[in-house]
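Take a look at the structure set out below.
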Amino acid sequence: MKLKIPTAKLERSFYTRNVLTVAKELLGKILVKEDNDKKFSGKIVEVEAYDGSIDEAAHTYIGLTKRNEIMFGIGGFLYVYFTYGAHYCCNVVTGKRGKGTAILIRSVEPIDGIEAIIENRYGRELLNEKEKYNLTNGPGKVCKAFNINKKHNGFDLTGGYIYILKAPKIKNKDIMVTKRIGINKSIDLPWRFYIRDNLYVSKK
DNA sequence: TACTAGATCGGCT
DNA sequence: GCCGATCTAGTAG
């Protein structure tokens, strides 16, 4: 049986709202990237919010720099940064110009382009069932899987070949709220959100 | 299963 | 120079 997949892109007004509101509503939405001959898509199942006005862990906390200028722009753009000398991480900018808020996409559940995702991640066939759940359960893995890198920084999600599709809101009771992962500042902010019982989140 | 270290590079002090 | 919104392979238990 084929799942029915919605086709409308989220518009600017979705992204320009408060970062915590958008973070929760991004759960369940479909991230899509269309390459020349391939199409990648996946359901967003885990995110984290970052807000430079009060959050020391946010890249915008220090004020405007060359690296974070996209995150200081209007919502609906992609902020991609490189970290640990090895990995890219993919963020959705939110709010009005100058806010400095964004949402880190931590995990997705693959839908389209799974063969290419496997190739991007492992460069070989899957060895076991466990590897299937390991394809996109982490911010670095999502970027590797979808082949998202530096050149996608600043991309407009409302216009081009990377976009996010509308989908029904996840019910509040199915949204888990925890502290964020992998940071050393503002560690107590409960700004990580994920879909309850989903097998593709990075950590329960 | 749980912890540790190494990779590796760009941004910022 | 230092450190990071990470991942993987390795070792120990």
Atom pairs, N/O to N/O, protein against nucleotides 11-13 of chain B, distance under 3.5 Å?
unit_1	atom_1	unit_2	atom_2	d
dC12(B)	OP1	Thr65(A)	OG1	2.5

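Residues that satisfy the ring-ring contact (aromatic ring centres under 6.0 Å, His included) test with Phe40(A), not counting sequence neighbours, are Phe146(A). Residues satisfying the salt bridge (Lys or Arg N to Asp or Glu O under 4.0 Å) criterion with Glu131(A), sequence neighbours excluded, are Arg124(A). For Phe72(A), there are no ring-ring contact (aromatic ring centres under 6.0 Å, His included) partners, not counting sequence neighbours. Checked against side chain to side chain donor-acceptor pair (under 3.5 Å), Thr60(A) has no partners two or more places apart in sequence or in another chain. Every residue meeting the salt bridge (Lys or Arg N to Asp or Glu O under 4.0 Å) condition with Arg180(A), not counting sequence neighbours, appears here in chain and number order: Asp55(A). Residues forming a salt bridge (Lys or Arg N to Asp or Glu O under 4.0 Å) with Glu11(A) (at least two apart in sequence, or on another chain): Lys166(A). Residues satisfying the salt bridge (Lys or Arg N to Asp or Glu O under 4.0 Å) test with Lys132(A), not counting sequence neighbours, are Glu129(A).
Base pairing in DNA chain B yields stems of at least 3 consecutive Watson-Crick or G-U pairs, both distances under 3.5 Å, namely B:1-7 with C:6-12, B:9-12 with C:1-4.
Extent of DNA chain C lying under 4.0 Å from chain A heavy atoms, first and last nucleotide in 5' to 3' order, is dG4(C) to dT8(C).
Listed in residue order, the members of residues 126-140 of chain A having a heavy atom less than 4.0 Å from DNA chain B come to none. Contacts between residues 181-198 of chain A and DNA chain B, defined by a heavy-atom separation under 4.0 Å, are absent.
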